[in-house]
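Position 1 is the first residue of the sequence, and the numbers go up from there.
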Amino acid sequence: MTDSTARGGTRPFRFGVVAPLTSDLPTWRDQVRRIADYGYSTLLMPDVPQWQPAPAPTLAVAATITDLRVGSWVYASPLRQAWSTAWEAHSLSVLTEGRFELGIGTGRPGIEDELRDLGLPVVPPAERLAQVRETVTALRDHDGADLHTPVVMAVRGPKAQALAADLADTVAFALMPGDDRVESTRVIRGFRALATRDIELAQHVAVIGDTVAPFMASPDTDPAALRAMDSLAVLPDDPAAAAEEIHRRREELGISYFVFGAGSADALAPVVAELAGH
């Protein structure tokens, strides 16, 4: 991809919200309905054992509340056997009538400690990446000719990028704490040069103003430091300024899918109302 209009023109904006169930059920259901009413496209669940109900059943419930798309953001490949993740993803696609998106990656920083705590094998990054490929391959076998479950891959290094260029429908880039706009631009443009087909580019935006989204960034994240380094992990909380920056990222980098934390969904509702689908 050489520019934001390559391979069929500029993609319309869409917006997702990471909204785990951390309250009572009625409050969460009301939140899901508000997210749909605001015009967000996708309700997403993180994959953090013991912090919340499991993603799959929670997403299945969410899909009965509204007509939002639903998805994992993102499954860590070493936490489950590939055949199990693929079967689960295919089942969610069937049960939601095609509204499920499988987000998958090799695991967030510190996944090794989590695996040890759970009594699971601590496998090296190359093997975790091979598990991603195995999962997607098995999912395609389950889907067959009549169903295509979209796959969102979270990537960083060259091997993960190459796999995503081969398999993913959407790619989100894992930003490191020290990445400024220049470094993030280098990574994203490098992937776009690698890709030979039309792949949606996504942005995981963990910080809105001074609000750090739980489940999306470390609790010790410093919003002021991110702004000072011009990080793409942060957006302004002023709707007009946020909309301007979102437009800039699509124009300069080709990013059209933006994912926020549930705590900022209300504040960004005017941005979503203005930009979604355009």
Side-chain angles (χ1 to χ4, degrees), residues 1-6 9-19 34-35 38-44 69 71 73-74 103 152 154-156 170-193 195 198-218 220-278:
M1 299 173 68
T2 56
D3 58 48
S4 63
T5 60
T10 301
R11 279 182 176 267
F13 288 116
R14 70 176 182 127
F15 300 90
V17 180
V18 178
R34 285 200 313 276
I35 289 168
Y38 289 149
Y40 289 93
S41 72
T42 320
L43 185 99
L44 302 160
R69 299 188 64 80
W73 195 265
V74 298
V152 183
V155 304
R156 174 66 182 191
T170 301
V171 169
F173 299 91
L175 303 183
M176 298 296 102
D179 287 351
D180 59 12
R181 184 183 295 266
V182 172
E183 174 60 15
S184 298
T185 296
R186 183 193 67 80
V187 172
I188 295 167
R189 286 182 174 168
F191 176 81
R192 295 176 68 196
D198 187 22
I199 299 174
E200 181 182 51
L201 302 185
Q203 175 82 67
H204 172 105
V205 185
V207 181
I208 308 297
D210 289 321
T211 301
V212 180
F215 298 89
M216 294 181 69
S218 170
D220 62 0
T221 297
D222 183 350
L226 293 176
R227 285 192 292 271
M229 71 172 64
D230 198 16
S231 169
L232 297 188
V234 62
L235 279 172
D237 53 8
D238 173 72
E244 181 179 358
E245 175 61 21
I246 287 169
H247 268 292
R248 178 184 177 185
R249 294 183 191 185
R250 184 173 67 174
E251 179 179 348
E252 295 182 356
L253 300 174
I255 300 168
S256 59
Y257 179 27
F258 292 82
V259 173
F260 312 129
S264 298
D266 294 337
L268 291 174
V271 177
V272 173
E274 176 187 349
L275 299 183
H278 298 284

Query raised in the report: Tell me, do Val17 and Tyr38 make a side-chain contact under 4.5 Å, heavy atoms counted?
Result: no
Requested in this report: Using the test side chain to side chain contact (heavy atoms under 4.5 Å, CB included), find all partners of Asp210 that sit at least two apart in sequence or belong to another chain.
Outcome: Pro223, Arg227
Query raised in the report: With sequence neighbours left out, which residue pairs that include part of residues 259-278 fulfil the salt bridge (charged side-chain N to carboxylate O under 4.0 Å, His left out) condition?
Result: Arg34-Asp266
Report task. Give a yes or no answer on whether the side chain of Arg250 reaches the backbone of Arg11 with a donor-acceptor pair at less than 3.5 Å. Result -> yes
Report summary line: For Ala206 and Ala217, the nearest pair of non-hydrogen atoms, with its separation, is CB-CB, 3.6 Å
Query - Contacts of Ala154 that satisfy side chain to side chain contact (heavy atoms under 4.5 Å, CB included) - sequence neighbours left out - result: Val74
Report task. Kindly write out the residues that satisfy side chain to side chain donor-acceptor pair (under 3.5 Å) with Ser218, not counting sequence neighbours, or none if the list is empty. Result -> Asp220
Query raised in the report: Given side chains that start at C-beta, do those of Ile199 and Arg192 come closer than 4.5 Å, heavy atoms only?
Result: no
Report task. Could I get the full list of salt bridge (Lys or Arg N to Asp or Glu O under 4.0 Å) partners for Asp222, not counting sequence neighbours? Result -> none
Report summary line: Residues at least two apart in sequence or cross-chain that pass side chain to side chain contact (heavy atoms under 4.5 Å, CB included) with Val272, listed by chain then number, are Phe15, Tyr40, Ala276
Query - Side-chain donor/acceptor of His204 to backbone N/O of Val259, under 3.5 Å - result: no
Report summary line: Heavy-atom closest pair (Ala202 atom, Thr170 atom, distance to 0.1 Å) is CB-CG2, 3.8 Å
**Report entry** Side-chain heavy atoms of Leu175 within contact of Leu232, under 4.5 Å
**Finding:** yes
**Report entry** From Leu201 atom CG to Ser256 atom OG, the distance as rounded to the nearest 0.5 Å
**Finding:** 6.5 Å
**Report entry** Spacing of Leu44 atom CG and Arg69 atom CZ [to the nearest 0.5 Å]
**Finding:** 10.5 Å
Query - Any side-chain heavy-atom pair of Leu275 and Phe258 under 4.5 Å - result: no
Query - Residues that Arg14 engages under salt bridge (Lys or Arg N to Asp or Glu O under 4.0 Å), provided they are two or more places apart - result: Glu101, Glu200
Query raised in the report: If you take all heavy atoms of Ile255 and Phe13, which pair is closest and at what distance?
Result: O-CE2, 4.2 Å
Report task. Starting at CG of Asp179, measure out to CZ of Phe173 and round the result to the nearest 0.5 Å. Result -> 12.0 Å
Query raised in the report: Is the closest side-chain heavy-atom distance between Ile208 and Val234 below 4.5 Å?
Result: no
Requested in this report: Specify the closest pair of heavy atoms between Val205 and Met216, including all atoms of both residues, with the distance to one decimal.
Outcome: O-CE, 3.6 Å
**Report entry** For Arg186, side chain to side chain contact (heavy atoms under 4.5 Å, CB included) partners two or more places apart
**Finding:** Glu183
Query - Heavy-atom donor-acceptor pair, Ser264 side chain to Phe260 backbone, under 3.5 Å - result: no
Query - Minimum heavy-atom distance between Leu226 and Val207, given as atom pair plus value - result: CD1-CG2, 3.7 Å
**Report entry** Contact summary for Gly71 and Thr42, nearest pair of heavy atoms
**Finding:** N-CG2, 4.3 Å
Enumerate, atom names and distances included, each donor-acceptor pair closer than 3.5 Å involving a side-chain atom of residues 241-248, sequence neighbours excluded.
from	atom 1	to	atom 2	distance (Å)
Glu245	OE1	Arg181	NH2	3.4
Glu245	OE2	Arg181	NH1	3.1
Glu245	OE2	Arg181	NH2	2.8
Glu245	OE2	Arg249	NE	2.7
Glu245	OE2	Arg249	NH2	3.4
Arg248	NE	Glu252	OE1	3.3
Arg248	NE	Glu252	OE2	3.1

**Report entry** Partner set under salt bridge (Lys or Arg N to Asp or Glu O under 4.0 Å) for Asp237, not counting sequence neighbours
**Finding:** none
**Report entry** Reported OG-to-CE distance for the pair Ser184 and Met229, which is rounded to 0.5 angstrom
**Finding:** 9.5 Å
Requested in this report: Starting at CG of Asp238, measure out to CG of Leu268 and round the result to the nearest 0.5 Å.
Outcome: 10.5 Å
Report task. With sequence neighbours excluded, tell me which residues meet ring-ring contact (aromatic ring centres under 6.0 Å, His included) with Phe215. Result -> Trp51
Report summary line: Taken to the nearest 0.5 Å, the spacing of Asp230 CG from Asp180 CG works out to 7.5 Å
**Report entry** Stepwise side-chain contact (heavy atoms from CB on, under 4.5 Å) check, Thr185 with Leu253
**Finding:** CA-CA 7 Å; Thr185 296; Leu253 300 174; 3.6 Å; yes
